[in-house]
Number of protein chains: 4
Amino acid sequence: MRPAEDRFHEECGVCAVVGHPDAANLVYLGLYALQHRGQESAGIATWDGHRVHSHRAMGYVADIFDRKTLDRLPGEVAIGHVRYSTAGDSALTNAQPLVVNTQHGPLAVAHNGNLVNALSLRHALEGEGAIFQSTSDTEVILHLAARFRADSVEEALLAALAAVKGAYSLVVLARERVLAARDPLGFRPLLLGRLGEAWVVASESCAFDLLGAELVREVAPGEVLRLDRAGVRQIRPAASPPYAHCVFEHVYFARPDSRVFGEDVGIVRQRLGERLALEQPADADVVVGVPDSGIPAALGYSRFSGLPFVLGLVRNHYVGRTFIEPKQSIRHFGVKVKLNPVRALVSGKRVVLVDDSIVRGTTSRKIVTMLKQAGAREVHLRISSPPTIGPCFYGIDTPERRELIASSATVEVIRQFVGADSLGYLSEAGMLACLETPAENFCTACFSGRYPLLETESETLAKTQR
Amino acid sequence: MRPAEDRFHEECGVCAVVGHPDAANLVYLGLYALQHRGQESAGIATWDGHRVHSHRAMGYVADIFDRKTLDRLPGEVAIGHVRYSTAGDSALTNAQPLVVNTQHGPLAVAHNGNLVNALSLRHALEGEGAIFQSTSDTEVILHLAARFRADSVEEALLAALAAVKGAYSLVVLARERVLAARDPLGFRPLLLGRLGEAWVVASESCAFDLLGAELVREVAPGEVLRLDRAGVRQIRPAASPPYAHCVFEHVYFARPDSRVFGEDVGIVRQRLGERLALEQPADADVVVGVPDSGIPAALGYSRFSGLPFVLGLVRNHYVGRTFIEPKQSIRHFGVKVKLNPVRALVSGKRVVLVDDSIVRGTTSRKIVTMLKQAGAREVHLRISSPPTIGPCFYGIDTPERRELIASSATVEVIRQFVGADSLGYLSEAGMLACLETPAENFCTACFSGRYPLLETESETLAKTQR
Amino acid sequence: MRPAEDRFHEECGVCAVVGHPDAANLVYLGLYALQHRGQESAGIATWDGHRVHSHRAMGYVADIFDRKTLDRLPGEVAIGHVRYSTAGDSALTNAQPLVVNTQHGPLAVAHNGNLVNALSLRHALEGEGAIFQSTSDTEVILHLAARFRADSVEEALLAALAAVKGAYSLVVLARERVLAARDPLGFRPLLLGRLGEAWVVASESCAFDLLGAELVREVAPGEVLRLDRAGVRQIRPAASPPYAHCVFEHVYFARPDSRVFGEDVGIVRQRLGERLALEQPADADVVVGVPDSGIPAALGYSRFSGLPFVLGLVRNHYVGRTFIEPKQSIRHFGVKVKLNPVRALVSGKRVVLVDDSIVRGTTSRKIVTMLKQAGAREVHLRISSPPTIGPCFYGIDTPERRELIASSATVEVIRQFVGADSLGYLSEAGMLACLETPAENFCTACFSGRYPLLETESETLAKTQR
Amino acid sequence: MRPAEDRFHEECGVCAVVGHPDAANLVYLGLYALQHRGQESAGIATWDGHRVHSHRAMGYVADIFDRKTLDRLPGEVAIGHVRYSTAGDSALTNAQPLVVNTQHGPLAVAHNGNLVNALSLRHALEGEGAIFQSTSDTEVILHLAARFRADSVEEALLAALAAVKGAYSLVVLARERVLAARDPLGFRPLLLGRLGEAWVVASESCAFDLLGAELVREVAPGEVLRLDRAGVRQIRPAASPPYAHCVFEHVYFARPDSRVFGEDVGIVRQRLGERLALEQPADADVVVGVPDSGIPAALGYSRFSGLPFVLGLVRNHYVGRTFIEPKQSIRHFGVKVKLNPVRALVSGKRVVLVDDSIVRGTTSRKIVTMLKQAGAREVHLRISSPPTIGPCFYGIDTPERRELIASSATVEVIRQFVGADSLGYLSEAGMLACLETPAENFCTACFSGRYPLLETESETLAKTQR
Ligand SMILES: Nc1ncnc2c1ncn2[C@@H]1O[C@H](COP(=O)(O)OP(=O)(O)O)[C@@H](O)[C@H]1O
Ligand SMILES: Nc1ncnc2c1ncn2[C@@H]1O[C@H](COP(=O)(O)OP(=O)(O)O)[C@@H](O)[C@H]1O
Ligand SMILES: Nc1ncnc2c1ncn2[C@@H]1O[C@H](COP(=O)(O)OP(=O)(O)O)[C@@H](O)[C@H]1O
Ligand SMILES: Nc1ncnc2c1ncn2[C@@H]1O[C@H](COP(=O)(O)OP(=O)(O)O)[C@@H](O)[C@H]1O
Ligand code: SF4
Ligand code: SF4
Ligand code: SF4
Ligand code: SF4
Ligand SMILES: [Mg+2]
Ligand SMILES: [Mg+2]
Ligand SMILES: [Mg+2]
Ligand SMILES: [Mg+2]
């Protein structure tokens with residue numbers, strides 16, 4: 001079993017290409033760019049005019065696919081998926097795209113998000129004789145669609161989506177076409193791009209960059225598109241605001257070179273840092289960002305405060321590879337393997353340490369300790385988002401509420417725990433002020449406790465308080 | 001794509017253990033013994049009192065499972081499966097046991113056989129909204145069971161089985177119990193064994209030997225058993241004869257140290273050889289069996305004819321491992337890699353060469369050529385079964401009709417093709433006479449063309465004549 | 001560490017091809033055929049006219065080489081090696097061919113055998129500044145050759161061989177030529193073959209069969225040949241008899257379809273069985289051979305005695321693959337996994353059980369027990385060689401003297417240990433009488449204690465008595 | 001064959017631990033930290049009081065070693081090595097530590113550097129009968145030491161080192177002790193550290209950080225140390241200046257969190273950037289560093305120039321994993337996979353782009369193009385070192401002279417080639433001014449053509465002009 005991670009993380013990323021002779025290879029590139037949205041399994045499914053081909057496996061995109069595997073995925077239409085699995089069901093069974101046969105023909109689906117009514121739908125479907133092979137919400141959507149005696153896959157999918165509640169950004173391969181759908185609140189990003197004659201859909205715009213595609217626009221919240229050789233057709237209109245875009249995508253999940261929810265992530269993060277400097281100034285000598293996620297905000301902090309930014313922490317290039325601790329070791333090497341202080345830059349200095357968020361607090365504690373051991377005179381920890389106090393039900397893998405240090409501890413208690421000389425969080429209002437999209441269009445539930453969507457009153461209570 | 005094989009082969013083997021603390025490990029042993037019934041994938045599923053654990057993968061049993069994998073399969077109830085996949089769908093998706101969730105709870109199924117009405121059932125189920133993730137008949141049975149609003153899994157399974165037509169020897173893991181079912185005609189073997197307090201079910205008795213279990217009896221044709229801690233209970237009675245036991249199990253598929261359909265395979269094979277000597281004598285010096293399948297019959301031939309048996313062909317111990325032909329090679333190495341003649345034993349001799357069957361004829365041709373090159377003066381080929389003229393629809397992977405040399409060629413033409421000096425097959429009557437079970441209880445369809453079960457007239461025609 | 005094995009086994013096999021555009025691939029085939037002479041590592045080295053290419057790895061020949069690896073071994077001259085490593089030095093460092101650069105240019109060597117004066121030579125060489133990277137005797141030969149300031153590699157190798165004492169059948173790749181050398185006593189086999197224009201050298205003739213080459217003759221004891229495009233030239237003449245051919249090659253090591261020391265192994269083994277029946281008759285019903293090594297002798301026993309041979313023990317096809325025992329198991333599964341009795345053939349019978357040799361006795365004990373559990377009324381164990389009482393110093397991996405049951409126990413004690421109703425060994429004279437080559441040309445040291453070659457008196461004593 | 005890389009890179013890193021029960025694991029950590037100095041193979045050798053244990057393999061440190069492998073490396077003394085292989089000899093044979101047996105007992109060596117007289121020594125040694133198994137300089141040193149009839153390994157090693165000329169930072173495991181040696185010019189770094197009672201040696205101080213060891217001092221140029229349980233003893237004194245420390249270690253090779261040649265790499269790089277801004281100002285809006293190597297200098301440039309530093313290029317976290325280009329692709333994806341521009345930060349901007357060096361120019365060209373495509377109005381390329389005009393003979397893998405764009409092209413021609421609006425290099429004097437160590441103690445040969453050490457006049461000419 002995987003040790004509890006000290007961070008929130010994205011559960012999935014999706015990508016689709018329609019109308020390109022090398023579709024699988026392009027989707028592969030897209031997944032390569034979206035790797036940070038899911039590192040445990042990946043898969044691609046294609047339609048070659050006659051049948052669906054697919055390949056899914058555990059591991060990194062680059063390890064799963066090679067020339068041979070890609071050559072076995074012929075066709076001009078392809079979808080793909082990267083996935084983090086949550087504890088207990090990391091099996092290959094849950095890897096996507098999920099490929100099935102139905103009365104509407106073969107369907108492949110790749111899904112990013114989380115349904116809040118999946119469990120009750122599941123029970124209802126089982127009661128009607130459905131058999132479930134995975135624990136993923138995606139299978140629920142497929143069952144709903146398969147059950148609907150529609151004239152077309154489009155109709156069947158719309159019917160299925162009408163029944164589900166929650167966050168979904170999904171792509172469906174249905175023979176020669178791809179359907180791309182986004183939930184009405186637009187929790188997770190989904191974008192439309194163009195590469196010559198071909199159409200591309202992806203979770204983040206960085207996928208388009210690697211493909212050499214150009215960003216056309218977001219798939220709008222609530223919108224369902226049908227993409228085929230003939231072009232793009234809207235088969236369900238956009239929903240009206242307010243939306244519930246995940247503000248955490250901007251704070252941490254998305255790549256800094258991506259554009260999501262209509263704004264550039266890298267720019268937003270820098271602005272969060274500037275605002276943080278305004279709200280939470282510090283009497284210090286240098287600004288150090290926690291690589292990589294804290295760097296943009298640290299640069300913003302430096303710029304606004306006038307304090308010099310220094311590369312006081314270096315991120316090891318080989319992070320992510322297994323690591324054997326020495327037997328006699330009493331210290332935890334985890335953070336050391338990933339980060340190392342540059343003594344000469346922090347020694348004797350009063351350091352403003354900037355990171356994006358604090359989850360359990362253990363990582364921050366190790367970094368603060370490390371800096372102090374490297375000679376830092378003072379460490380003033382600044383966080384470019386508000387305290388995370390609750391779990392996410394919309395497609396982000398989060399520790400349970402009681403493991404979130406800010407769910408029970410005050411800022412002062414947290415400061416003591418991490419060992420910083422001062423600790424300052426960005427305010428919710430401040431965070432939202434850094435975004436051009438109006439505040440009411442963002443979900444901030446894990447910071448504020450105001451969940452935009454819940455299944456039932458009682459479930460809410462149960463869930464948000466466990 | 002795998003090259004067309006010059007043989008019929010079994011598609012699956014199953015095993016189950018109920019009531020033993022080390023259930024998964026015992027099933028692993030059982031599968032190890034049943035490896036010859038399916039070499040492309042294997043899997044085990046267990047129930048630990050709370051949930052189902054399972055592991056399936058492509059490859060050999062010994063390569064798939066190790067201590068760690070087995071330790072992740074806790075519980076006192078386990079079922080397992082080995083599988084040959086047929087061309088085109090060798091993917092992991094079709095590996096078994098198939099594990100699903102239904103209104104009757106979690107179910108895992110391992111199945112040996114082939115349904116003749118799977119396709120029409122499948123279409124009907126899809127029309128009602130079922131989604132299919134594999135192309136296996138097993139999923140059809142599961143859908144039928146899941147759909148049935150029964151009070152118990154037992155009832156649901158019986159209802160499902162009532163709808164299917166064909167060959168099945170299957171084990172179902174349903175929480176703390178295993179259901180073992182066999183089709184009314186009893187095409188494929190299925191046996192019940194006992195190991196101390198535990199119950200074991202397996203496709204062949206050789207599995208019991210490796211486990212140290214003792215054979216109790218066959219699961220009777222048509223019978224469905226429920227095995228749990230409390231013991232064994234019959235939940236569907238045996239069907240009445242006539243049955244359609246696959247005679248080819250005795251001729252070739254089963255291990256010579258197994259007991260199936262109430263008789264010892266090794267003994268039967270020897271008897272087939274004796275009868276063959278009676279029906280098809282030869283004026284020769286020595287008897288050589290084609291290792292390994294032809295050896296028992298060759299010994300029988302030798303005994304009856306009085307001609308000395310010699311080890312004129314040696315089987316390489318490392319068969320089954322990949323093999324790179326030299327670039328300049330014009331000859332096919334296939335058989336050479338597997339078999340090598342012992343020149344001194346055959347040179348200058350008139351050889352009676354005994355094998356179990358001829359499928360395409362290409363292998364026999366290579367062996368005959370090899371013996372002649374090794375100096376054999378004459379080669380008299382004797383086959384311990386009748387000419388194979390048709391495909392099997394009951395769980396055996398067979399080439400298409402037109403690839404079976406005996407489907408279109410006379411014995412004389414086959415003789416010329418394989419290059420033997422004479423060729424003699426055992427008669428159907430002669431073959432059946434070597435078995436104690438009455439002839440009417442055997443399927444001999446691939447030899448006789450008399451198929452005991454077909455879906456519809458027209459389908460029959462289409463299939464048997466393609 | 002590998003569990004102590006209950007058998008003697010060959011330590012190496014060698015193969016060479018000269019003058020064929022696909023030399024590496026042919027050597028690969030040769031090694032495939034010689035796999036039984038060494039299963040832990042394999043390697044091939046080639047000369048492409050400019051440089052030496054080589055590939056060595058741990059594992060089976062079929063797993064180590066694929067199309068790509070072979071394509072990276074270009075050239076018309078190639079040598080290869082399969083190897084069992086002995087405990088403690090199984091590392092890749094000892095894999096062969098050993099490839100080095102010397103003043104005589106690049107050399108690659110593959111060696112089957114064991115030098116008796118390796119250790120003292122080694123110390124002398126180290127004293128002169130040599131560095132040793134492996135523990136193999138082969139490196140000693142190379143150092144000796146490299147040190148000799150000769151005009152040619154041929155001269156240097158002859159000088160080196162003049163200094164060594166022991167068993168060697170070796171092939172040396174020296175640019176465009178291969179040198180093949182055999183020690184004057186001819187302990188291990190080495191044969192010369194021809195494939196069209198190309199020359200082949202191999203440890204057993206079965207390698208020629210797979211390549212499609214024809215056996216020309218043995219490389220004579222003491223002879224050194226030089227093979228190149230121009231043909232075969234003798235550069236050291238054959239030694240005169242008496243020789244010390246390893247009689248155990250005929251008894252057990254070599255493949256039954258091989259020809260070594262001028263006789264067909266399969267025929268010899270059958271004769272050993274016949275003689276065994278003469279010397280050690282038994283009052284019994286059937287003869288059962290222990291597969292595979294005991295089968296030829298069992299057939300001979302059956303023929304001479306008139307008792308019917310039956311396939312009472314079946315050898316599992318998947319032997320050699322790892323195997324996980326159940327946790328609760330008290331019995332040893334080892335033999336069960338490999339062999340299984342056919343109850344119907346042995347039950348109630350008085351069985352003559354024939355095997356080639358008894359090493360520790362543990363395997364025989366398990367087989368006897370197994371047959372009795374399968375219902376055998378009596379088991380009369382017959383061994384087609386004399387008791388093995390001492391270790392081998394000539395290229396065979398053997399347990400230490402005290403682990404050889406016959407080194408300390410009488411036949412009666414061994415009989416009791418294995419649980420047989422009677423036990424009979426073939427006499428040394430009887431064994432030698434089955435061979436056409438005069439008795440004085442065979443080494444029988446491990447049976448007789450008469451070692452044909454030892455380093456020094458004292459060492460002998462130490463070694464043979466430990 | 002590996003495609004020509006557009007960079008210089010370090011060939012090796014070494015590490016040793018003496019006097020710690022978990023020595024192998026600590027060396028493993030050290031190698032993990034030194035991974036950037038060699039990514040193709042790694043190895044560890046230990047002394048357990050009785051014998052040497054070792055494990056070497058191709059691949060990343062993290063992939064080569066696991067708990068089991070480390071447990072097979074017992075002992076309190078260990079050395080390790082990471083290695084880039086140069087074209088043509090990437091085989092495992094060249095992996096280190098090299099382990100041999102000599103008259104002085106078993107020796108294991110790990111070497112960072114390159115000898116300039118290796119070839120002539122090699123030929124001389126071969127003439128005296130030495131056999132070479134690898135193409136590495138290290139084997140030359142071992143042969144020399146083994147040949148010397150000294151009373152101790154120490155003496156033998158010193159004698160060997162007296163004969164070699166070139167760059168070496170090496171660690172030798174000789175039973176219970178480790179000898180650490182550095183060439184008199186001190187080309188490559190080598191440091192001594194302390195962890196409790198244990199001693200540590202490593203190529204860069206970042207290895208100490210991960211181990212939790214503290215930096216004691218540099219092993220001085222020319223110095224040879226003997227480390228054992230009793231402590232550290234100097235067995236060859238330091239050489240006197242001037243030295244020839246590789247200035248490129250500071251510019252690019254070493255990790256920014258390392259300390260080498262008495263200075264902090266991260267600080268030096270920042271200073272190089274400041275100086276670059278002084279020497280090569282630019283009329284621009286923002287400063288962008290090429291991640292990761294260009295970032296510290298870019299920060300320095302920003303600080304000195306007052307132009308804001310922005311994260312205009314993002315480095316993909318999954319770099320280093322294989323990558324399949326689409327078939328139709330005409331563009332090279334190489335750089336895209338690694339770097340992606342943040343459009344919003346560079347669009348419409350005049351960008352100062354800072355990198356450490358230009359080798360072939362192809363990478364710089366792609367980055368400039370990428371920035372322009374992302375909307376940069378102007379790109380002013382600034383390099384924090386002088387033009388690289390010649391190869392390195394001191395342990396750095398460099399392209400041949402003619403492949404170095406600055407060896408033949410003027411700055412203006414290079415500017416045109418890379419497509420920048422202006423191009424400015426740091427001067428040699430400027431570069432050296434950023435270091436506290438006097439200029440005459442640095443090698444700058446690849447920038448200046450002044451090679452501090454060459455074998456012979458003629459060789460020099462041949463080499464430096466090819
Ligand atoms: N493990 C590491 N952690 C941090 N920085 C490293 C590490 N290894 C190498 N570096 C630094 O990274 C730089 C190389 O990285 P980068 O510039 O991204 O790649 P490239 O080799 O293509 O220039 C070197 O300057 C080196 O100092
Ligand atoms: N590739 C092979 N094909 C056929 N026989 C072989 C092969 N390799 C070895 N043999 C023979 O098989 C015998 C060893 O097999 P077996 O008796 O089954 O195993 P064990 O090593 O346990 O005795 C040897 O006598 C040898 O002659
Ligand atoms: N594990 C096993 N041990 C012994 N015999 C087996 C085993 N598995 C299958 N067999 C028998 O071996 C025969 C198949 O082997 P063989 O004739 O050598 O190969 P082929 O499949 O090419 O005919 C079958 O008749 C089967 O009864
Ligand atoms: N492939 C990538 N290239 C660049 N940045 C990435 C990439 N993937 C994720 N990121 C960014 O890196 C951050 C996570 O990296 P980092 O902070 O180093 O690790 P951690 O997950 O421990 O916080 C996220 O904010 C994300 O925006
Ligand atoms: S709860 Fe948090 S992580 Fe989840 S969607 Fe809302 S803001 Fe994003
Ligand atoms: S058709 Fe042949 S193989 Fe199939 S069940 Fe009948 S007898 Fe057996
Ligand atoms: S001692 Fe035995 S095994 Fe060794 S060579 Fe002599 S007969 Fe052969
Ligand atoms: S030539 Fe260049 S890379 Fe080589 S040591 Fe000198 S400065 Fe360093
Ligand atoms: Mg982070
Ligand atoms: Mg057969
Ligand atoms: Mg044997
Ligand atoms: Mg760089």
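Atoms considered below: every heavy atom in the structure, side chains included; atoms not considered: hydrogens, waters and symmetry mates.
In terms of heavy-atom pairs under 4.5 angstrom with chain A, the leader among D:Arg315, D:Arg343, D:Met370 is D:Arg315. Chain A forms more heavy-atom pairs under 4.5 Å with one residue of D:Val265, D:Asp264, D:Leu313 than with any other, namely D:Asp264. In terms of heavy-atom pairs under 4.5 Å with chain A, the best-connected choice from D:Gly300, D:Pro256, D:Ala344, D:Ala374 is D:Ala344. Of the listed residues (D:Asn340, D:Val342, D:Leu311), the greatest number of heavy-atom pairs within a distance under 4.5 Å of chain A belongs to D:Asn340. Options A:Val314, A:Val310, A:Leu70 differ in how many heavy-atom pairs under 4.5 Å they form with chain D, and the most are formed by A:Val314.
Considering CG of A:Asp257 and CG of D:Asn316, their distance stands at 8.0 Å, rounded to 0.5 Å. A distance of 12.5 Å separates CG of D:Asp209 from CG of A:Leu339, quoted to the nearest 0.5 Å.
In this structure, no portion of A:Glu263 lies under 4.5 Å from any heavy atom of chain D. For A:Arg67, the parts lying near chain D are the backbone and the side chain together; criterion is any non-hydrogen pair under 4.5 Å. With a 4.5 angstrom heavy-atom cutoff, D:Asn25 touches chain A only via side-chain atoms. With a 4.5 angstrom heavy-atom cutoff, D:Leu345 touches chain A via backbone and side-chain atoms both. Only the side chain of A:Arg255 has a heavy atom closer than 4.5 Å to any heavy atom of chain D.
The aromatic rings of A:Tyr60 and D:Tyr318 sit tilted, their planes meeting at an angle between 30° and 60°.
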